[in-house]
Amino acid sequence: MTAFAPSPMTALIDHPVRYDLAESTSPPLNLGDLADVATLAAVPLGYGTSRGDARLRALIAADIGVDAEQVLVTVGAIEAMFLLAQATCTPGDRVLLATPCFPPARTVPEGLGARVDVVPLSFGDGYRLPLDRISTQLDPRTRLVSLASPQNPSGVRFSEHELRALLAMVGERAPDAVVLVDETYRESTYGDAAAPRSTATLSPQLVTCSSVSKAHGAPGLRVGWLTTTDTALYDRLREAKFLTTIACSTVDEFLAAQVLRRRDEFLAPRAERLREALDELLHWAAEQQVDIVPPDGGAMCCLRLPADRFPDHAVRTFYARLAERDTRVAPGSWFGEHDRVFRVGFGHLPASDFTAALARLADALAPGA
């Protein structure tokens, strides 16, 4: 029987707070940014297709460097992750997972009955990929290897060299496994930095997923996608999508295509805002003497309360003080980390609110606050 563990992360959408530093999206788009009333009125409300709108898939494919027939549109990247776990894992199969991670990356395969082998990444090592430890965990029974780049919650990006080395290990030690690289934050960059190219074409064993939720600021459009160059796997995933959701919303697909057609127009101001906010956060962390791993991409990063100043009871007090100030960060335990580590999102709030939120965060850190 499939059973999914409850997730405290539902608080992000179900229990709003005034100063939410836990959210990891870029500044949000509005519907009026994408289409006027007359344009929307002409969108048909029939079924879409199981593959997804052809124009939308062409836009995704052109950016990633694959064929449109290798793109499957999904209900957010989370459906892509679910479909892949469902297609590759049966009860007793093994999944190798790099943590900390987006919680469903663990709870979905566990709920499907798979054994999850966790390889913890270290804050102290900058959340780099521990290839030696991964090598020892890979097994012929491993069916899925799951990681994100940039990572959630840290924003650390793996290099192409690291990913190629990982793929070589998987090919040797777990030849029946699929490697999932979640690229949801790939286009979430800082200033004038170019987005790195997708890893989608590195290997037939590799599947990528992404969405318009984070970098583009459109999580209200429940549109994501996965890519695979393995035709047989694609067909299994498409069939699984049809049997669970049939097709995505045609309205959402239409609007997502508008987002991607104007990708540069929407991403540029968000990249500039993220650069400004990250600079502010780095300065704040230095002033507060709080440890931080600078991110490579994404609207979030990880900070850590130093153990010499914050014993375990002081960590609990810190979160209680934040709640009293109607302010929230994302605790490390959401992602498989210690709560001494927490995720701060720096793209969700307007600039003035972000500064005010950091002031409240500093108050919660102050001795005797």
Side-chain angles (χ1 to χ4, degrees), residues 24 95-103 105-106 116-139 142 144-174 177 179-190 193-200 202-203 205-210 214-215 274 278 281-282 285-286 290-307 330-346:
S24 62
V95 173
L96 190 148
L97 177 65
T99 63
C101 65
F102 180 49
R106 180 169 188 166
V116 176
D117 299 315
V118 172
V119 178
L121 280 60
S122 166
F123 185 103
D125 292 335
Y127 292 119
R128 302 313 311 175
L129 199 59
L131 292 169
D132 54 342
R133 283 188 281 131
I134 288 175
S135 177
T136 63
Q137 291 275 27
L138 286 170
D139 183 275
T142 303
L144 177 64
V145 177
S146 180
L147 63 157
S149 182
Q151 300 166 46
N152 181 8
S154 72
V156 172
R157 181 185 299 117
F158 299 127
S159 68
E160 184 172 316
H161 174 76
E162 287 174 302
L163 292 175
R164 287 188 182 278
L166 172 66
L167 287 164
M169 283 182 185
V170 172
E172 178 183 342
R173 296 175 177 270
V179 177
L180 172 65
V181 178
D182 179 353
E183 296 186 330
T184 296
Y185 297 94
R186 179 178 66 87
E187 294 186 89
S188 191
T189 58
Y190 311 138
R197 68 176 185 172
S198 172
T199 60
L202 289 184
S203 167
Q205 276 188 283
L206 192 146
V207 173
T208 70
C209 67
S210 190
K214 303 298 187 180
L274 291 186
L278 178 57
L281 178 59
L282 291 170
V290 173
D291 301 329
I292 187 169
V293 175
D296 300 310
M300 74 289 171
C301 64
C302 284
L303 292 86
R304 183 177 64 183
L305 303 176
S333 56
W334 285 7
F335 311 97
E337 257 283 15
H338 191 284
D339 276 344
R340 182 176 305 285
V341 175
F342 55 93
R343 184 182 78 178
V344 166
F346 49 87

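Computed from a prediction, not measured in an experiment: that's the story for all the values here. All residue numbers refer to positions in the sequence shown, counting from 1.
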Inset, instruction - Apply side-chain contact (heavy atoms from CB on, under 4.5 Å) to the pair Glu160 and Thr199, showing each step before the final yes or no. - result: CA-CA 8 Å; Glu160 184 172 316; Thr199 60; over 6 Å; no
Over all atoms of both residues, closest heavy-atom pair of [X] and [Y]:
X      : Y      : answer
Met300 : Ser24  : CB-CB, 4.1 Å
Arg157 : Gly297 : NH2-CA, 3.9 Å
Met169 : Leu131 : CE-O, 3.3 Å
Pro153 : Pro100 : CD-CB, 3.7 Å
Ala177 : Val170 : CB-CG1, 3.9 Å
Gln137 : Thr142 : O-OG1, 4.3 Å

Taking side chain to side chain contact (heavy atoms under 4.5 Å, CB included) as the test, write out the residues that go with [X], two or more places apart.
X      : value
Ser203 : Leu167, Gln205, Leu206
Pro295 : Tyr190, Leu278, Cys301, Phe346
Glu162 : Arg128, Leu129, Phe158, Ser159
Thr136 : none

Inset, instruction - Show the numbers, then the answer: is there a side-chain contact (heavy atoms from CB on, under 4.5 Å) between Leu202 and Val181? - result: CA-CA 11 Å; Leu202 289 184; Val181 178; over 6 Å; no
Nearest-0.5 Å distance, [atom1] of residue [X] to [atom2] of residue [Y]:
X      : Y      : atom1 : atom2 : value
Ser146 : Leu96  : OG    : CG    : 9.0 Å
Arg173 : Ser135 : CZ    : OG    : 3.0 Å
Leu303 : Ile292 : CG    : CD1   : 4.0 Å
Asp296 : Ser149 : CG    : OG    : 8.0 Å

Legend entry - Derivation of the side-chain contact (heavy atoms from CB on, under 4.5 Å) call for Leu274 and Thr189: CA-CA 7 Å; Leu274 291 186; Thr189 58; over 6 Å; no
For residues 119-127, run the donor-acceptor check on the side chains, cut-off 3.5 Å, and write out each pair with its distance to 0.1 Å, sequence neighbours left out.
unit_1: Ser122; atom_1: OG; unit_2: Gly124; atom_2: N; d: 3.1
unit_1: Ser122; atom_1: OG; unit_2: Asp125; atom_2: N; d: 3.3
unit_1: Tyr127; atom_1: OH; unit_2: Glu337; atom_2: OE2; d: 2.7

Run the side chain to side chain donor-acceptor pair (under 3.5 Å) test against [X] and tell me which residues pass, sequence neighbours left out.
X      : value
Arg304 : Asp291
Ser154 : Gln151
Asn152 : Arg343
Thr208 : Thr227

Legend entry - Close side-chain approach of Leu147 and Leu166, heavy atoms under 4.5 Å: yes
Inset, instruction - Please list, chain by chain and in numerical order, all residues satisfying ring pair (Phe, Tyr, Trp, His ring centres under 6.0 Å) with Phe342, sequence neighbours excluded. - result: Phe318
Inset, instruction - Run the numbers on Glu172 and Leu138 for side-chain contact (heavy atoms from CB on, under 4.5 Å), then give the verdict. - result: CA-CA 9 Å; Glu172 178 183 342; Leu138 286 170; over 6 Å; no
Inset, instruction - Please list, chain by chain and in numerical order, all residues satisfying salt bridge (Lys or Arg N to Asp or Glu O under 4.0 Å) with Arg133, sequence neighbours excluded. - result: none
Legend entry - Partner residues of Arg186 under the salt bridge (Lys or Arg N to Asp or Glu O under 4.0 Å) criterion, sequence neighbours left out: Asp63, Glu183
